[in-house]
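As the structure is a prediction and not an experimental result, all values here were calculated from the model. Letters A, B, ... are given to chains in the order of the sequence lines, protein chains preceding strands, and every chain is numbered from 1.
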Amino acid sequence: MLTAEDKKLIQQMWGKLGGAEEEIGAEALTRMFCSYPPTKTYFPHFDLSPGSDQVRGHGKKVVAALSTAIKNIDNLSQALSELSNLHAYNLRVDPPRFSLQFLSQCLQVALATRLGKDYSPEVHSAVDKFMSAVASVLAEKYR
Amino acid sequence: MVHWSAEEKQLISGVWAKVNVEECGAEALARLLIVYPWTQRFFSDFGNLSSPTAIVGNPKVRAHGKKVLTSFGEAIKNLDNLKGTYSKLSELHCDKLHVDPENFRLLGDILVIVLAAHFTKDFTPACQATWQKLVGLVAHALARKYH
């Protein structure tokens, strides 16, 4: 459960990224495709080569959604309601508790490489919990 | 039989050469106990684990973290025989310690994040992929003797 302190840490951390959010999205996806090749099966229609415009574009989308979630961190269910429908009925990505765990890991690695020791244990914990909460919301309508 | 390319071996040894085993081990274990608090169930005799600050400063956590990562170093010396290297430890974690192998995966992922924070942009996607492969195989080897 996200505490008030967790929420504060996440918003602070996101604020520290100074506009790098979009790059981080693309990087997280690139890392995910590299470390977890089965995740590529959801993107047969994409050019997944390094620096691909499609990956950049998609990374931007993912990060924008996360930004929205962070701004509405007190009501994730509502903020992510559309995306929840999309993932359940259209995309049908393997239930987010599995796939999102890979995206969460790679997003955290991307954040850690940028923030170094500012990616403290407390921030790490808050982000991990947040991504877990996002995954739960996205999985709500699966069945 | 696991295959390691020359590039993967280089990515592993290159990173490992620069790792302070004591610091890194302590940090990884502390983060495990902080990010996944239920893992504290295995360390009830470690004393004060009441807050992130207490956990990070706890000398038993530091010492055990060092032990765990030192063992990881053994794996790195024996990349072609992870199963053999971890055979006894696997039995120990099952029979005496009663640790759910899922925890090995959690610790592995945390170790990767600790390395990322330490090496920053040098921890490239290719580097991460190699280390995710390694921690996955170590977790698998540790789970192998469970019954």
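- In this structure, the portion of A:Tyr36 lying under 4.5 Å from any heavy atom of chain B is its side chain and not its backbone.
- The shortest side-chain heavy-atom distance between B:Phe123 and A:Arg31 falls under the 4.5 Å cut-off.
- No more than 12 heavy atoms of other residues, nucleotides or ligands shown are found within 6.0 angstrom of NZ on A:Lys71.
- Put simply, A:Val63 and A:Val127 are part of the same group of oily side chains (I, L, V, M, F, W, Y) that touch within less than 4.5 Å, one to the next.
- No chain of hydrophobic side-chain contacts below 4.5 Å, direct or via other Ile, Leu, Val, Met, Phe, Trp or Tyr residues, connects A:Tyr89 to A:Tyr42.
- In terms of non-hydrogen atom pairs under 4.5 Å with chain A, the most contact-rich of B:Ala129, B:Ala117, B:Gly136 is B:Ala117.
- Across A:Ser120, A:Ala110, A:Ala126, the residue that shares the most heavy-atom pairs under 4.5 angstrom with chain B is A:Ser120.
- Between A:Thr113 and B:Phe119 the shortest side-chain heavy-atom distance does not fall below 4.5 Å.
- Looking only at side-chain heavy atoms (C-beta outward), B:Val112 and A:Gln108 stay at 4.5 Å or farther from each other.
- You'll find the side chain of A:Gln101 reaches within 4.5 Å of the side chain of B:Arg105, heavy atoms only.
- Scanning all heavy atoms of the two residues, the minimum distance from A:Thr30 to B:Pro125 falls at CG2-CG, 4.4 Å.
- Only the backbone of B:Thr124 comes within less than 4.5 Å of a heavy atom of chain A; no side-chain atom from C-beta onward does.
- For A:Lys60, the NZ atom sits in a loose shell: 12 or fewer heavy atoms of surrounding residues, nucleotides or ligands are nearer than 6.0 Å.
- Counting non-hydrogen atoms of other residues, nucleotides and ligands closer than 6.0 Å to NZ of B:Lys133 gives a total above 12.
- Nearest heavy atoms, B:Ile34 versus A:Ser125: O-OG, 3.8 Å.
- Taken together through direct or relayed side-chain contacts under 4.5 Å among Ile, Leu, Val, Met, Phe, Trp and Tyr, B:Leu11 and B:Leu79 form parts of separate hydrophobic clusters.
- Residue-environment remark: CD (A:Gln12) exceeds the threshold of 12 foreign heavy atoms within 6.0 Å.
- Other residues, nucleotides and ligands place more than 12 heavy atoms under 6.0 Å from the NZ atom of A:Lys141.
- For the residue pair B:Gln128 / A:Gln105, no side-chain donor-acceptor distance below 3.5 Å is found, with atom types taken as modelled.
- Counting heavy-atom pairs closer than 4.5 Å to chain B, the top-ranked of the candidates A:Cys34, A:Ser35, A:Cys106 is A:Ser35.
- Within the 4.5 Å cutoff, the side chain of B:Thr120 has no heavy atoms near those of the A:Arg114 side chain.
- Looking at B:Ile113 and A:His124, their side chains come closer than 4.5 Å, going by heavy atoms from C-beta outward.
- Heavy atoms from other residues, nucleotides or ligands lying under 6.0 Å from NZ of A:Lys7 number more than 12.
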